[in-house]
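Working notes for the structure below.
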Amino acid sequence: FMQRNEKDINDVLLKESRFNFNLEKDTLIRVQLFKTQKLEHIMTINMHHIISDGWSQVVLFNELMMTYYELVNDLDVTLKFLPIQYKDYANWHNDILQTDKVDLFKKYWNTKFAVLPPKVDLTAFQKRKPQMSFRGKVKRYKLDDKYFLGFKVLAQKTQTTMFSVVLTYFKVLLYKYSGQKDITIGTSVAGRNHPDLESQIGFYVNTIPVRNTINSENNFSQQLHEL
């Protein structure tokens with residue numbers, strides 16, 4: 001607990017954002033509380049990705065806010081008991097790796113990518129460098145409500161998810177600009193397939209490649225169901 005002014009806090013936040021965790025020595029979650037005024041405070045929470053993911057952040061902040069509300073209102077803290085811990089999930093996962101299921105998983109992915117898909121060749125305003133650097137930029141674009149509603153209605157009509165609709169739309173867009181039909185896009189999955197994992201804090205997320213072929217004779221709904 002430290003009393004700081006705004007500049008000091010900004011300096012601390014910048015320093016925290018650049019902090020390099022030592023996985024052998026450091027505590028992998030760092031929490032600091034700063035007093036800015038008599039009744040105002042700022043809390044910083046810095047967690048290493050190895051013990052957390054996006055879902056975990058929601059769990060943490062929801063429980064933090066709920067507990068704070070209960071304490072300031074002199075109520076009993078009602079955090080739910082967790083039937084399992086991350087170590088239980090890790091043991092279960094390691095047990096799976098010792099079974100024949102692993103061979104089935106390997107067979108599926110090796111068959112799916114026996115022949116690697118070509119890189120999507122998009123026309124760019126800048127020439128690509130000969131050596132890939134993996135440096136990129138984030139472009140944020142907010143859809144008008146009418147388009148968002150259209151996606152939502154389409155997902156309901158086709159009994160699919162909003163994610164599937166947007167991913168199909170993106171793949172069709174890449175096909176339009178590149179002319180390539182065999183398109184693979186990497187995406188993250190939550191990895192919480194059991195209800196007992198929904199309230200856990202830990203690194204459950206995984207990344208999978210989604211590969212399918214665009215059929216120019218299909219309409220959008222048909223292409224969506226082939227995803």
Side-chain angles (χ1 to χ4, degrees), residues 1-37 39-72 77-99 101-102 105-106 109 113 128-140 184-210:
F1 178 85
M2 294 167 279
Q3 186 165 351
R4 298 285 184 89
N5 58 40
E6 184 176 352
K7 181 181 182 305
D8 290 340
I9 292 175
N10 288 334
D11 291 341
V12 171
L13 293 176
L14 180 60
K15 184 178 179 181
E16 276 296 304
S17 68
R18 297 174 176 175
F19 181 81
N20 291 319
F21 286 91
N22 185 321
L23 299 182
E24 295 182 351
K25 299 179 180 179
D26 292 333
T27 301
L28 299 183
I29 177 171
R30 294 161 54 86
V31 180
Q32 299 182 70
L33 183 64
F34 303 100
K35 184 175 182 180
T36 56
Q37 296 184 33
L39 296 177
E40 291 186 5
H41 300 75
I42 293 178
M43 175 180 285
T44 68
I45 301 177
N46 189 3
M47 299 177 68
H48 195 284
H49 207 345
I50 200 173
I51 64 167
S52 177
D53 54 22
W55 188 306
S56 298
Q57 294 178 28
V58 176
V59 173
L60 174 63
F61 286 115
N62 283 344
E63 293 189 349
L64 182 64
M65 293 298 99
M66 181 181 69
T67 303
Y68 176 79
Y69 174 83
E70 291 171 338
L71 290 174
V72 297
V77 176
T78 57
L79 287 177
K80 294 181 180 179
F81 173 77
L82 296 176
I84 64 172
Q85 300 290 330
Y86 188 84
K87 61 182 180 180
D88 301 312
Y89 166 80
N91 287 332
W92 169 80
H93 186 269
N94 289 335
D95 289 342
I96 289 283
L97 297 179
Q98 306 304 318
T99 67
K101 288 184 178 181
V102 174
F105 299 152
K106 287 182 178 179
W109 290 111
F113 289 93
R128 287 187 177 183
K129 295 181 180 180
Q131 184 174 1
M132 187 179 296
S133 67
F134 295 100
R135 286 187 174 183
K137 293 183 179 180
V138 176
K139 179 65 176 178
R140 301 187 186 278
T184 300
I185 294 178
T187 185
S188 58
V189 292
R192 299 172 186 253
N193 300 325
H194 193 281
D196 287 344
L197 302 180
E198 293 182 358
S199 298
Q200 295 279 335
I201 293 177
F203 187 79
Y204 292 90
V205 71
N206 198 2
T207 302
I208 61 171
V210 181

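As a basis for the values below, the full set of heavy atoms in this structure was taken, side chains included, without hydrogen atoms, waters or symmetry mates.
In this view, Leu39 satisfies the side chain to side chain contact (heavy atoms under 4.5 Å, CB included) rule with no residue, not counting sequence neighbours. By the side chain to side chain contact (heavy atoms under 4.5 Å, CB included) test, Ile51 is found to be paired with Leu28, Ile29, Met47, residues two or more places apart in sequence or in another chain being considered. Applying the side chain to side chain donor-acceptor pair (under 3.5 Å) rule to Asn46 yields the partners Glu16; only residues at least two apart in sequence or on another chain are considered. Listed by chain and residue number, Ile9, Asn10, Thr44 satisfy the side chain to side chain contact (heavy atoms under 4.5 Å, CB included) test with Leu13 (two or more places apart in sequence, or in another chain). Evaluation of the ring pair (Phe, Tyr, Trp, His ring centres under 6.0 Å) rule for Phe19 yields Phe21 as partners, not counting sequence neighbours. Residues passing the ring pair (Phe, Tyr, Trp, His ring centres under 6.0 Å) test with Trp109: none are found, sequence neighbours excluded. With sequence neighbours excluded, the residues forming a side chain to side chain contact (heavy atoms under 4.5 Å, CB included) with Met43 are Val31, Leu33, Ile45, Leu64, listed by chain and number. Residues passing the side chain to side chain donor-acceptor pair (under 3.5 Å) test with Thr78, sequence neighbours excluded: Glu70. Applying the side chain to side chain donor-acceptor pair (under 3.5 Å) rule to Lys7 yields the partners Asp11; only residues at least two apart in sequence or on another chain are considered. Asn91 meets the side chain to side chain donor-acceptor pair (under 3.5 Å) test with no other residue; sequence neighbours excluded.
A distance-only check finds no donor-acceptor pair linking the side chain of Ser52 to the backbone of Ser56 [under 3.5 Å].
Note that CE of Met66 and CG of Leu71 are 10.0 Å apart. Values are rounded to the nearest 0.5 Å. Atoms CG and NE2, on Asn22 and His48 in that order, are 9.5 Å from each other to the nearest 0.5 Å.
What you find for Gln85 and Leu82 is that their closest heavy atoms are NE2-CB, 4.1 Å. Minimum heavy-atom separation, Asn20 to Asp26: O-OD2, 3.9 Å.
Screening residues 81-96 for salt bridge (charged side-chain N to carboxylate O under 4.0 Å, His left out), with sequence neighbours left out, gives no hits.
Shown here is Phe113, whose CZ atom has more than 12 heavy atoms of other residues, nucleotides or ligands within 6.0 Å.
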Please output the side-chain donor-acceptor pairs of residues 193-206 that fall under 3.5 Å, not counting sequence neighbours, one pair per line with the distance.
from   : atom 1 : to     : atom 2 : distance (Å)
His194 : ND1    : Asp196 : N      : 3.0
Gln200 : NE2    : Ile84  : O      : 2.5

